[in-house]
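Quick note: numbers below take in every heavy atom, side chains included, and nothing from hydrogens, waters or symmetry partners. Values in this document were obtained by computation on a predicted structure and should not be read as measured data. Naming: A, B, ... by sequence-line order, numbering from 1 per chain.
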There are 2 protein chains.
Amino acid sequence: METRELRYFVAVAEELHFGRAAQRLGMAQPPLSRAISQLERRLGVNLLHRTSRSVTLTEAGAVLLREGRAALGAVEAAERRTRRASENSGLVLVSKAGATGELLPKLLDAYAAEPGAVPIEVVLCGAGQQEALLRDGRADVALLHLPFDSTAGLDAEELTTESQVLVMPAGHELSTRASVRMSDLAGLALPRWPELDGTYLQGPGPEVHDATQLLQLISLGRAVTVLPESVRASLHEGLTTVPVLDAPLVTTVIAWPPHSRSLALAGLVQAATRL
Amino acid sequence: METRELRYFVAVAEELHFGRAAQRLGMAQPPLSRAISQLERRLGVNLLHRTSRSVTLTEAGAVLLREGRAALGAVEAAERRTRRASENSGLVLVSKAGATGELLPKLLDAYAAEPGAVPIEVVLCGAGQQEALLRDGRADVALLHLPFDSTAGLDAEELTTESQVLVMPAGHELSTRASVRMSDLAGLALPRWPELDGTYLQGPGPEVHDATQLLQLISLGRAVTVLPESVRASLHEGLTTVPVLDAPLVTTVIAWPPHSRSLALAGLVQAATRL
DNA sequence: GCCGGCGATACCGTGGGGGTATGGAAACGC
DNA sequence: GCGTTTCCATACCCCCACGGTATCGCCGGC
C-alpha cells in the first residue's frame, strides 16, 4: 500500500463524500473513485458502502481509517525527524498552554545548565493535542498531565504529583469555604474540554481549549473550574482558589515516542527527573 | 514520502550496497540510485555518505532508517488489520514459546466461556519478537514478561507477578541447596537470549531463542538458567529447581497496540485481568 | 597498467495516474 | 410523474515517472 492511496482513503473516509474529498486532495473526483476501487481490489476488501446517494464505512473501512491515520502519522514523523536531524536543531518540547506553572521554566533552566545541552524549542498547544504532535514528529517530547492526558503508546517518566483546587472569581459563593468536595460543584458551569477528535461533548458550560482562555472566562464570571494547585502561581488579581478534597491527583509526566531516545532527549529526561 | 521510497531507502540502508539492495528489491541498480537521490533532494537532506567504494549512513540517514522501519511497520499493520477485519477472523495472540505455564490455557478457557467471544489464534514466537509482531499487525495482543520484554509504545495490563527459580539438571551441584543468590551463579553457563535486533552478544553460554530449546540444553547439562517459578509445572523428569532469592520479580502483562481496542480485544483483556 | 567492482548518468519504452466528458441511479421539487 | 439536481462510476486520452539497458567514471588491488 502506498501512502498516496492511504491519504486518498483517509480523505474519503473522513468526508464520506468523493467530491469533497477530491477537492480537499486537489484533484478531480473520477481518479479518486478509481484509486479507491483499485485499493479495495488490491486489498480484496470492501472499504465503503456506496449508494449513489451516500457513502459509509464498512467495518474494515473503519479499521483502515484508524490504522491508516496512525501509519500516515508515522510516515510524516519519519520525514520531519529526518529533516530535523540533518539541521541538528535541538528538541521540540510541547506542553499545554498555561498548564505547567513553575515546572517548565525550572526544567528548561536545569537542562540548559547541563553540559552538552541542545536548544529546546517550546511549543504550547491546546488540550489533547500533544499526543498528535509527538506522533507525527512535530514534537520530540511532551509534558502531560495524568489522568487527563493519556500516555498510551508513549514512554514516560513521572515528575510531580499534586492535588487540585477550585478556581473561581474572588466574590464567588464558594470562595469563603476552607475546602470543597466534587459534590459541591454539581450544577456549576464547568468548562468542556475538547475530546481526542477535537469535538466537544454536549453540555452546559463554555467550550475551552487552553488555560488562558479558561482563566479569562472565570474572571468574567462565566465559569469556574478545577485545576492543579500549581496554577495558583500564575493567577491574576480577582481569582481565588480553595482545595477540592476529593478531586483526582494530577501527575505531571514527561513523555516521548518509544524508541526515539536521542542523546539530547535522554539528557532532558534525566534533568527532568532530577528536579 | 511514498512507502515505495521508504522501502528503497531501508533496503539500501540495511545493505549499505546499492547492488545488493536492488537485488533484494527485485529491480535494477540504476533506478534505485536515482530514487534515493530523488528522495534526498526532495527531503533536502543527505542520507548517505557515498564513495565509489562504500556507502555509510549519515546521522539523518540513521534517523530515517529507524523511523522509516517504524512507519513501514505501521503501514503493513494497517493493511493486515484491514484484511483481517474484513474476514472477521478473531484475534491473534502472541506469546513466547513455553514461557506462559498455566496462564495461557486458563486465559483461553476463561475468555472462550464469555458471551460473544471470538476465536483466538495463538502464535508462539522467540524471545523479543512479540513487539515486532504487534507493531506490523501480524498479532493483536501479546503476553509479555517484564522486565525482560518492554511495553514501550504499548498499552498493557498487569496479570501476575512471580519470583524466579534456578533450573538445572537433577544432579547439579546447586540442586541440594534450599535457595541460591545471583552471586552463586557467577561463572555458570547462563544462556544468551537474542537482543532486540535478533543478534546475540558475545559471551560464554549457548545461544537460545525459546524456552523449549533452553530446557533441552539444560537436560543435556549444557546450561542452567533462571526462569519464573511457573515453569516448574512444565518441567520434564531430570530437571530440578531452587528459588533464587534476589532475582528480579517477573510480571506477566497482556499488551496491545495503543488505540486499537476492538470490542473483542477489550473482552479478552477483561477476561485476563479477572483471572 | 589493467581489471574488477560499484555507483552515477544517459536514454528509452511503457504503465498507470490524472484529466475531461459523460453515463446512470437516486432523491427532491412542483 | 417528470424534470432537476446530486453524486458516484465509466470511457477515453495524455503524459510523466518509474523501471530497464547501456555506459561512464572512479577507485582499489593484483
Side-chain angles (χ1 to χ4, degrees), chain A residues 1-62 64-65 68 71-72 75 79, chain B residues 1-62 64-65 68 71-72 75 78-79 86:
Chain A
M1 218 171 14
E2 290 303 312
T3 59
R4 183 181 49 83
E5 304 177 280
L6 263 184
R7 273 190 292 270
Y8 288 3
F9 175 74
V10 168
V12 172
E14 285 179 356
E15 299 284 345
L16 292 176
H17 189 294
F18 280 76
R20 278 196 301 275
Q23 202 172 1
R24 205 174 102 181
L25 293 165
M27 65 188 290
Q29 169 262 318
L32 180 58
S33 276
R34 238 189 359 198
I36 300 290
S37 346
Q38 267 183 31
L39 177 61
E40 287 181 302
R41 223 169 321 122
R42 275 213 278 267
L43 287 176
V45 171
N46 262 26
L47 300 171
L48 301 169
H49 292 301
R50 308 151 156 87
T51 70
S52 67
R53 223 43 205 168
S54 76
V55 175
T56 58
L57 289 175
T58 64
E59 205 174 322
L64 185 58
L65 176 57
L72 287 177
V75 172
E79 196 166 333
Chain B
M1 217 170 13
E2 291 302 311
T3 59
R4 184 182 49 84
E5 303 177 280
L6 263 184
R7 273 191 292 270
Y8 288 3
F9 175 74
V10 168
V12 172
E14 284 178 356
E15 300 284 347
L16 292 177
H17 189 294
F18 280 78
R20 278 195 302 275
Q23 201 172 0
R24 205 173 103 182
L25 293 165
M27 65 188 289
Q29 168 262 319
L32 180 58
S33 276
R34 234 190 359 193
I36 300 290
S37 348
Q38 265 182 31
L39 178 61
E40 287 180 302
R41 224 170 317 121
R42 274 214 280 267
L43 287 175
V45 171
N46 263 23
L47 300 170
L48 301 169
H49 292 302
R50 307 147 154 92
T51 73
S52 68
R53 230 34 213 173
S54 75
V55 176
T56 57
L57 289 175
T58 64
E59 204 174 322
L64 186 56
L65 176 57
L72 287 177
V75 172
E79 197 165 333
S86 80

Asks: Would you mind reporting whether B/Leu48 and B/Thr58 have side-chain heavy atoms less than 4.5 Å apart?
Replies: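 No - every pair of side-chain heavy atoms lies 4.5 Å or more apart.
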Asks: I'd like to check the side chain to side chain contact (heavy atoms under 4.5 Å, CB included) partners of A/Ala71; sequence neighbours left out, ordered by chain and number.
Replies: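 So A/Ala71 forms a side chain to side chain contact (heavy atoms under 4.5 Å, CB included) with A/Leu6, B/Ala74, B/Val75.
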Asks: Mind listing the N/O atom pairs, protein and nucleotides 25-30 of chain D, below 3.5 Å?
Replies:
{"residue": "D/dC27", "atom": "O4'", "partner": "B/Ser52", "partner atom": "OG", "Å": "3.2"}

Asks: Not counting sequence neighbours, which residues clear side-chain hydrogen bond (donor to acceptor under 3.5 Å, both in side chains) with A/Ser33? List them please.
Replies: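 Result, side-chain hydrogen bond (donor to acceptor under 3.5 Å, both in side chains) vs A/Ser33: A/Gln29.
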Asks: May I ask you to say what A/Glu2 touches in the nucleic acid, namely base, sugar-phosphate or nothing, with a heavy-atom cut-off under 4.0 Å?
Replies: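 Nothing, no heavy atom under 4.0 Å.
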Asks: Taking OP1 and OP2 of C/dA8, is either one under 4.0 Å from a side-chain nitrogen or oxygen of B/Arg50?
Replies: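 Looking at the OP1 and OP2 atoms of C/dA8, one of them is under 4.0 Å from a side-chain N or O of B/Arg50.
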Asks: A/Val45: what forms a side chain to side chain contact (heavy atoms under 4.5 Å, CB included) with it, not counting sequence neighbours?
Replies: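 Side chain to side chain contact (heavy atoms under 4.5 Å, CB included) check on A/Val45 returns A/Leu43, A/Leu47, A/Ala60, B/Thr82, B/Arg83, B/Ser86.
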Asks: Crowded around A/Glu15 CD? As in, over 12 foreign heavy atoms under 6.0 Å?
Replies: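 Yes.
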Asks: Roughly, in whole Å, what's the span from CG in A/Leu39 to P in C/dG16?
Replies: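 So the CG-P distance, A/Leu39 to C/dG16, works out to 16 Å.
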Asks: Under the rule for side chain to side chain contact (heavy atoms under 4.5 Å, CB included), what residues qualify as partners of A/Thr51, not counting sequence neighbours?
Replies: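 Expected list: A/Arg53, A/Ser54.
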Asks: Can you measure A/Arg20 atom CZ to D/dC7 atom P for me and round it to whole angstrom units?
Replies: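 After rounding, the reported distance stands at 7 Å.
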Asks: Tell me which residues in residues 5-17 of chain B put a heavy atom below 4.0 Å from DNA chain C, sorted by number, or none.
Replies: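 Residues of residues 5-17 of chain B that come under 4.0 Å of DNA chain C are, in numerical order, B/His17.
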Asks: Which salt bridge (charged side-chain N to carboxylate O under 4.0 Å, His left out) pairs, counting each pair once, include a residue from residues 25-36 of chain B, with sequence neighbours left out?
Replies: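 Listed once each, the pairs would be none.
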Asks: Tell me every residue that passes side-chain hydrogen bond (donor to acceptor under 3.5 Å, both in side chains) with B/Arg42, counting only those two or more places apart in sequence or in another chain.
Replies: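 Applying side-chain hydrogen bond (donor to acceptor under 3.5 Å, both in side chains) to B/Arg42 gives B/Glu5.
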Asks: Starting from P on C/dA8, measure out to NE2 on B/His49 and report it in whole angstrom.
Replies: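 Distance, rounded to whole Å: 14 Å.
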Asks: With a cut-off of 6.0 Å (strictly less than), are more than 12 heavy atoms of other residues, nucleotides or ligands near CD of A/Gln23?
Replies: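 No, because the 6.0 Å sphere around CD of A/Gln23 holds 12 heavy atoms or fewer from other groups.
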Asks: Without decimals, in angstroms, what is the distance between B/Gln38 CD and D/dC16 P?
Replies: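 From B/Gln38 CD to D/dC16 P: 14 Å.
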Asks: What residues form a side-chain hydrogen bond (donor to acceptor under 3.5 Å, both in side chains) with A/Glu14, not counting sequence neighbours?
Replies: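 For A/Glu14 the side-chain hydrogen bond (donor to acceptor under 3.5 Å, both in side chains) partners, ignoring immediate neighbours, are A/Arg24, A/Arg69.
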Asks: Taking for each residue the nucleotide of DNA chain C with the nearest heavy atom, is it A/Thr51 or A/Arg42 whose nucleotide lies nearer the 5' end?
Replies: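 The answer here is A/Arg42.
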Asks: Figure out the CG/P separation between A/Leu48 and D/dC7, and round it to whole Å.
Replies: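 Atom-to-atom, A/Leu48 to D/dC7, this comes out as 16 Å.
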Asks: Could you check how far CZ of A/Phe18 sits from P of D/dT10, rounded to whole Å?
Replies: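 In whole Å, D/dT10 P lies 11 Å from A/Phe18 CZ.
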Asks: Specify the residues of residues 26-36 of chain B, ordered by number, for which at least one heavy atom lies under 4.0 angstrom from an atom of DNA chain C.
Replies: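 Correct list: B/Gln29, B/Pro30, B/Ser33, B/Arg34.
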Asks: Go through the structure and list residues passing side-chain hydrogen bond (donor to acceptor under 3.5 Å, both in side chains) with B/Arg4, not counting sequence neighbours.
Replies: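 Scan of B/Arg4 (side-chain hydrogen bond (donor to acceptor under 3.5 Å, both in side chains), adjacent residues dropped) gives none.
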Asks: Would you mind reading off the distance between B/Arg4 atom CZ and C/dG16 atom P, rounded to a whole angstrom?
Replies: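 Taking atom P of C/dG16 as the reference, CZ of B/Arg4 is at 13 Å.
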